[in-house]
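Quick caveat: nothing in here was measured; it's all calculated off a predicted structure.
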Amino acid sequence: ATAINVSLSDEQVELFFLYWRELQEWNSYTNITAISSLRDTIIKHFLDSLSVIGSIPGSGRLADIGSGGGFPGIPIAIVQPALKVVLIEAARKKANFLRQAVRVLGLKTAEVYHGRAETLSFSERFACLVSRAFSSIETFLKISTPLLADDGIIIAMKGKDIEQELKEAEQEIKKAQLIIAEERHFVLPFRGGTRTIIVFKRNVSRETLA
């Protein structure tokens, strides 16, 4: 974790180990994730999820859209307990797993929403919406923008090649009055592959002119 500038306490490391054990148990009878070994889970799930820590706010409300096995939402909740994390997952079996993982890990500031993000109804919008390879950037922005607080950010976690996706999303970015605040490319430790983090925020100057 130190290779991606994230500091973990012994207690947090233990929580990640418990998390992996829950993934192993559930994977023995249902498909939560195709990655099962401890090493690959650490690199391709845990470290990949933690790579976004430097871009997210330290407090407020965060939504993980299409959370699946809990990535990146559960690792974020482990490392940033001041954040209120909502794990959004449409598949029932995965939502059930997320509830169990949150309970076993004692993540008191995390909650699970079983359903599609489009049906989500919260009185308070989110300071941050994040997704890891959930959909195309265009689709993700369409889903996320209505849930975004005025001063919030949307984070897309992607692989190496994103140029085509960004091009296809140009109209949606313009329509939602967003700008790219950060685009960061990096290589996961231990040959984990190249990743890209793209942070969108509202174009305040454009809103003001409107």
Side-chain angles (χ1 to χ4, degrees), residues 1-8 12-13 15-17 19-20 23 27 32-58 62-80 83 85-89 94 98 101 110 117 126-145 148 152-170 172-173 178-201:
T2 57
I4 56 172
N5 299 316
V6 176
S7 177
L8 298 177
Q12 288 168 336
V13 171
L15 287 177
F16 276 108
F17 183 66
Y19 185 15
W20 175 73
L23 283 168
N27 264 336
I32 301 298
T33 172
I35 297 173
S36 59
S37 75
L38 178 57
R39 177 183 172 85
D40 285 347
T41 300
I42 289 172
I43 297 170
K44 297 179 180 180
H45 281 330
F46 295 167
L47 292 182
D48 193 16
S49 295
L50 292 178
S51 67
V52 78
I53 291 295
S55 300
I56 64 175
L62 178 144
D64 174 13
I65 296 181
S67 189
F71 310 112
I74 288 181
I76 288 173
I78 291 173
V79 176
Q80 296 277 37
L83 272 173
V85 177
V86 179
L87 308 168
I88 302 172
E89 176 53 49
K94 291 183 178 179
L98 292 174
F126 292 92
C128 180
L129 295 110
V130 62
S131 179
R132 194 184 70 139
F134 159 68
S135 67
S136 69
I137 293 174
E138 181 182 16
T139 299
F140 177 43
L141 293 179
K142 285 180 181 179
I143 294 171
S144 301
T145 304
L148 183 65
I153 58 173
I154 297 172
I155 303 179
M157 303 176 69
K158 290 289 182 176
K160 180 180 179 180
D161 301 317
I162 61 162
E163 290 78 10
Q164 184 61 33
E165 276 197 56
L166 280 176
K167 184 176 181 180
E168 293 171 354
E170 284 178 356
E172 185 61 32
I173 293 171
L178 299 170
I179 60 172
I180 297 176
E182 177 188 358
E183 183 176 328
R184 176 159 53 95
H185 304 267
F186 62 96
V187 177
L188 281 173
F190 309 106
R191 299 180 180 178
T194 301
R195 299 289 189 270
T196 304
I197 290 176
I198 310 170
V199 180
F200 300 89
K201 69 177 182 179

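- The distance from atom CD1 of I32 to atom CG of L98, rounded to the nearest 0.5 Å, is 7.5 Å.
- The main-chain N or O of G159 is found under 3.5 Å from a side-chain atom of T196 such that the two form a donor-acceptor pair.
- Ring geometry, F46 versus F16: the interplanar angle falls from 30° to 60°, so the pair is classed tilted.
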Test side-chain contact (heavy atoms from CB on, under 4.5 Å) on L166 and I180 and set out the steps.
-> CA-CA 10 Å; L166 280 176; I180 297 176; 4.1 Å; yes

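- Classified by interplanar angle (parallel below 30°, tilted 30° to 60°, perpendicular above 60°), the ring pair F140/F134 is perpendicular.
- Of the candidates I153, I179, L141, L141 is the only one forming a side chain to side chain contact (heavy atoms under 4.5 Å, CB included) with F200.
- With hydrogens and angles ignored, the 3.5 Å screen pairs no side-chain donor or acceptor of W20 with any backbone N or O of L15.
- Minimum heavy-atom separation, S55 to V199: CB-CG2, 4.1 Å.
- A donor-acceptor pair is defined here as one N or O able to donate and one able to accept, closer than 3.5 Å; such a pair exists between the side chain of S131 and the backbone of I65.
- Considering only residues two or more places apart in sequence or on other chains, K158 meets the salt bridge (charged side-chain N to carboxylate O under 4.0 Å, His left out) condition with E165.
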Criterion side-chain contact (heavy atoms from CB on, under 4.5 Å) on I137 and E168, from CA distance to verdict = CA-CA 8 Å; I137 293 174; E168 293 171 354; over 6 Å; no

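- Each of H185, R184, E183 was scored for a side chain to side chain contact (heavy atoms under 4.5 Å, CB included) with I197, with one residue passing: R184.
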